[in-house]
Amino acid sequence: MVISSILTCSINELNLRYSLTNGQAFRWRSNPEKSKWTGVIGKLVFSLQQDDIGNLLYTVHNPDNLDIKDSDQILEDYFQLKTSLTELYKEWSEMDEVIAKVIPKYPGVRTLRIDPVENLFTFICSSNNNIGRITQMVNNLCIKFGSKLTTVDDVDYFSFPEIEILSGKNVANTLRELNFGYRAKYIQKAAEVLLKEGGSDWLFGLRKQEYSEAKSKLLKIPGVGPKVSDCICLMSLDKTESLPVDTHVFQLVSKYYIPKLRNKKVNINVGLYKEIGDHMRKTWGKHAGWAQTVMFTSDLKNFQTAEESDGKKVTKEDKTEEEDEPKIKKQKRS
DNA sequence: GGGCCACCTTTTTC
DNA sequence: AGAAAAAGGTGGC
């Protein structure tokens with residue numbers, strides 16, 4: 001038993017490939033044509049497609065007693081479809097000529113509304129890391145500590161692990177063996193601290209609080225610094241003004257917005273981090289974080305044309321993103 | 001209190 | 001080909 005439905009949408013409001021593979025969510029898998037995406041939202045396994053005008057055709061593979069109204073609602077919520085991206089693109093274009101040049105080439109790049117628990121542990125994995133490897137780590141995390149939901153096209157899909165399970169004493173060791181590196185102990189300790197604070201309910205509760213308050217509370221969690229905290233605020237806690245400053249954003253900002261930073265070897269300290277965020281909030285307004293998502297996406301090499309990439313080559317890592325086959329650890333030959 | 005630097009591992013760059 | 005730097009940073013000194 002599956003259920004299927006159509007959600008009214010358009011290609012300017014949503015581009016699945018951009019929005020699902022630009023480093024917000026890490027668990028979507030596409031068919032070779034990149035026309036159909038399968039992944040997990042909560043405990044449900046969805047397949048998503050768009051018709052030629054952009055309407056969202058979807059299937060839920062393990063609906064149990066789910067009503068179509070509910071599944072519609074889940075997708076509207078996940079993609080935040082109530083917010084008009086067309087309207088935002090227009091506003092940003094009027095405010096800033098830099099973004100005005102970029103966004104026509106990147107329609108439909110939406111900021112997602114991801115489960116905060118999943119987002120927290122995923123972005124703890126993201127430090128000093130690349131999208132290809134983060135994807136692999138998160139998938140391993142779910143396979144190891146999540147529970148199997150269903151199988152689609154011979155691929156098993158798993159729920160995101162419960163906090164209680166991730167707090168287990170052996171988790172850090174197991175994750176070390178799975179090549180999580182120094183992030184292994186952060187994950188286990190973050191789960192412990194999170195449980196002490198009040199678990200999932202506490203995290204979801206941050207949606208009702210001010211940006212600054214939510215952000216500083218997240219900083220109590222091991223492995224969560226200013227940047228990861230902002231990612232959780234932006235992609236899970238409805239803080240549209242939250243603006244994660246990473247290496248990409250720093251490059252973009254120094255190149256186009258704050259010339260004094262150009263060509264300088266600066267490491268981002270607390271003051272500079274805030275300066276950059278404030279500057280871009282002034283430039284882009286209340287949804288500055290959403291604008292940042294678009295700019296970040298335009299800066300990813302695997303989305304750029306040869307001309308845009310400006311010398312940057314499309315690399316193996318980018319291809320990894322595009323591949324269907326799970327990456328198998330290379331074995332040494334004798 | 002702020003500026004360094006180590007941290008795991010893989011990929012990319014030079 | 002092989003070393004070095006970078007990859008959506010953070011914590012500790």
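Sequence lines set the chain letters: A, B, ... in the order given, protein chains first and strands last, and positions in each chain run from 1.
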Exercise. Have a look at A/Q292 and say if it touches a base, only the backbone sugar-phosphate, or nothing, with a 4.0 Å heavy-atom cut-off.
Key: base
Self-check item: B/dC5 to C/dA5 separation - C1' atoms, rounded to the nearest Å
Solution: 16 Å
Practice problem: Report the residues that fulfil side chain to side chain donor-acceptor pair (under 3.5 Å) with A/D70, sequence neighbours left out, ordered by chain and then residue number. | Solution: none
Practice problem: Report the residue (A/R183 or A/V228) whose heavy-atom-nearest nucleotide on DNA chain C is the more 5′ of the two. | Solution: A/R183
Quiz prompt | Distance, P atom - from B/dT9 to C/dA1, rounded to whole angstrom | solution = 26 Å
Self-check item: Chi angles and distances behind the salt bridge (charged side-chain N to carboxylate O under 4.0 Å, His left out) call for A/E210, A/K239
Solution: CA-CA 8 Å; A/E210 293 297 319; A/K239 315 307 179 208; over 6 Å; no
Quiz item: So which pairs with a foot in residues 134-156 of chain A pass ring-ring contact (aromatic ring centres under 6.0 Å, His included), sequence neighbours left out?
Solution: none
Quiz item: Are there more than 12 heavy atoms of other residues, nucleotides or ligands under 6.0 Å from atom OH of A/Y182?
Solution: yes
Quiz item: So with a 6.0 Å cut-off around CD of A/E97, is the heavy-atom count from everything else above 12?
Solution: no
Between protein and nucleic acid, restricted to nucleotides 11-13 of chain C and to nitrogen or oxygen atoms under 3.5 Å apart, what atom pairs and distances do you find?
residue : atom : partner : partner atom : Å
C/dG11  : OP1  : A/G223  : N            : 2.7
C/dG11  : OP1  : A/V224  : N            : 3.4

Practice problem: Sequence neighbours left out, what passes side chain to side chain contact (heavy atoms under 4.5 Å, CB included) with A/K43? Give chain and number order. | Solution: A/L149, A/S159, A/E162
Exercise. May I have the distance from A/L175 (atom CG) to B/dT9 (atom C1'), rounded to whole angstrom?
Key: 14 Å
Quiz item: What does A/E177 touch in the nucleic acid at a heavy-atom separation under 4.0 angstrom: a base, only the sugar-phosphate, or nothing?
Solution: nothing
Self-check item: Pairs flagged by salt bridge (Lys or Arg N to Asp or Glu O under 4.0 Å) wherever residues 175-190 of chain A is involved - sequence neighbours left out
Solution: none
Quiz item: What pairs with A/F204 under ring pair (Phe, Tyr, Trp, His ring centres under 6.0 Å), at least two apart in sequence or on another chain?
Solution: none
Practice problem: List in chain and number order the residues that pass ring pair (Phe, Tyr, Trp, His ring centres under 6.0 Å) with A/F121, two or more places apart in sequence or in another chain; answer none if no residue qualifies. | Solution: none
Quiz item: If we take the P atom in both C/dG11 and B/dT10, what is their distance in whole Å?
Solution: 23 Å
Quiz prompt | Pairs flagged by ring-ring contact (aromatic ring centres under 6.0 Å, His included) wherever residues 43-77 of chain A is involved - sequence neighbours left out | solution = A/F46-A/Y58
Quiz item: Do A/Y106 and A/Y18 make the cut of ring centroids closer than 6.0 angstrom?
Solution: yes
Pairs under 3.5 Å (N/O, protein and nucleotides 2-5 of chain B):
residue : atom : partner : partner atom : Å
B/dG3   : OP2  : A/N269  : ND2          : 3.2

Quiz item: Which residues satisfy the side chain to side chain contact (heavy atoms under 4.5 Å, CB included) test with A/S84, sequence neighbours excluded?
Solution: A/E13, A/T86, A/E87
Quiz item: In terms of side-chain geometry, is the basic nitrogen of A/E213 or A/K217 positioned less than 4.0 Å from the acidic oxygen of its partner?
Solution: yes
Quiz item: DNA chain C: stems of at least 3 consecutive Watson-Crick or G-U pairs, cut-off 3.5 Å?
Solution: B:3-7 with C:9-13, B:9-14 with C:2-7
Quiz prompt | Interface with DNA chain C, restricted to residues 116-128 of chain A and to heavy atoms under 4.0 Å | solution = A/S126, A/S127, A/N128
